[in-house]
Amino acid sequence: MDNSKQSKQILLSVIGVAILVVAVVGVSFAFFNYTRTGAANTVSTGKIKFTSTQSGDGVSLTNKFPITAATYSTQSSGTYDSTTMDFARIVVTINGETTYAQGLDFKVTAKDVNFDAGGNNAVTLPVNVVVTATQTSTPVSGDSITGYSRTNGVAIPEGYVLADGHIGGTSTYTDGTRFAATVTIDAYLDGSKIAITDTYAGSGNAATDYNGTSDSNWVGDRTVLTTDQWNALSSSAANNLSFKVSVESRETGGTYVSS
């Protein structure tokens, strides 16, 4: 009997010690805790702005006659007047700024080029394009702009690059117009490359019937149009010789997407 009581006391003592050990262990696991939330990690975006404006929707040679390079030089030296001068002009203004270290590239191209005379014998007319590109703001490292004239009596193709350039990145950002430039685009019919006549019948400058035209040498290397073909160019706006001007920009190293 005493042995039984003694066994029970020993068992209870063991259970008590076990409970005490579990309690102590439990307390030791929950003894220390530290949690801290720091300030937000901020990702700050860089700044970028690029805008362009132009005087008109495109370049249109309406009611113009062929002129020589000398005549163009004389006319273009004065104040432009679309009603009295035989060339068309459009002025593109470019503004931009960025804190992107590598800067921005941009280009000005010719779109929807239409230099074809109508009629059964459609021909592409020689239109000279003179481009003057000027940065009007104070340059910083990386700034550039270049214009590409074409005055060889051969019409510009679709997508022809009229000007391109670069806007250098800066560490500060002002009003988005740190870089400023103008691109002046003049177009005129090259009088030295056009012959308008109804008295010349021939192919490849080999006349078969002069019919009043002195000889095949009169044509030389010029593009021949009949008066009907010539007059058709001014019969409606749809027939006018014209092209649109597209301005595009991208981050340096990026891919151009046409506007």
For [X], all residues meeting side-chain contact (heavy atoms from CB on, under 4.5 Å), sequence neighbours excluded:
X      : answer
Thr227 : Ile196, Asp198, Asn231
Asp112 : Glu158, Lys244
Ala187 : Val59, Val127, Val129, Phe243
Pro126 : Asp190, Lys193, Ile194, Thr223

For residues [X] and [Y], report the shortest heavy-atom separation together with the two atoms involved.
X      : Y      : answer
Val113 : Pro157 : CG2-O, 3.9 Å
Lys111 : Ser246 : CG-CB, 3.4 Å
Trp230 : Pro66  : CH2-CD, 3.4 Å
Ser137 : Ala180 : OG-N, 3.0 Å
Arg222 : Ser192 : CG-O, 3.3 Å

Could I get the full list of side chain to side chain donor-acceptor pair (under 3.5 Å) partners for [X], not counting sequence neighbours?
X      : answer
Thr68  : Thr71
Tyr80  : none
Asp175 : Thr177

All pairs passing side-chain hydrogen bond (donor to acceptor under 3.5 Å, both in side chains) where residues 87-101 contributes a residue, at least two apart: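 Matches after skipping sequence neighbours: Arg89-Asp186, Glu97-Thr174, Tyr100-Gln102.
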Nearest 0.5 Å please: distance from the [atom1] atom of [X] over to the [atom2] atom of [Y].
X      : Y      : atom1 : atom2 : result
Ser55  : Ile90  : OG    : CD1   : 5.0 Å
Ile167 : Lys49  : CD1   : NZ    : 11.5 Å
Met85  : Lys64  : CE    : NZ    : 9.5 Å
Thr109 : Ile156 : OG1   : CD1   : 9.5 Å

Donor-acceptor under 3.5 Å ([X] side chain, [Y] main chain):
X      : Y      : result
Ser249 : Asp105 : yes
Asn128 : Gly153 : yes
Thr170 : Thr172 : yes
Ser149 : Val130 : no

Test item: Val245 and Val108 side chains (from C-beta on) under 4.5 Å apart, heavy atoms: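 Heavy-atom side-chain distance check passes, below 4.5 Å.
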Qualifying salt bridge (Lys or Arg N to Asp or Glu O under 4.0 Å) pairs with a residue from residues 165-174, counting only residues at least two apart or across chains: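 Those involving residues 165-174 do not exist here.
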Summary of salt bridge (Lys or Arg N to Asp or Glu O under 4.0 Å) pairs that have at least one residue in residues 126-145, sequence neighbours excluded: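 Residue pairs passing salt bridge (Lys or Arg N to Asp or Glu O under 4.0 Å), neighbours aside: Asp143-Arg178.
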Between Asp116 and Thr124: side-chain donor-acceptor atoms closer than 3.5 Å: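 Yes, side-chain donor-acceptor contact under 3.5 Å.
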All pairs passing ring pair (Phe, Tyr, Trp, His ring centres under 6.0 Å) where residues 149-199 contributes a residue, at least two apart: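 The answer is Tyr72-Tyr188, Phe106-Phe179.
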Salt bridge (charged side-chain N to carboxylate O under 4.0 Å, His left out) against Arg150, all qualifying residues, sequence neighbours excluded: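 Salt bridge (charged side-chain N to carboxylate O under 4.0 Å, His left out) list for Arg150, sorted by chain: empty.
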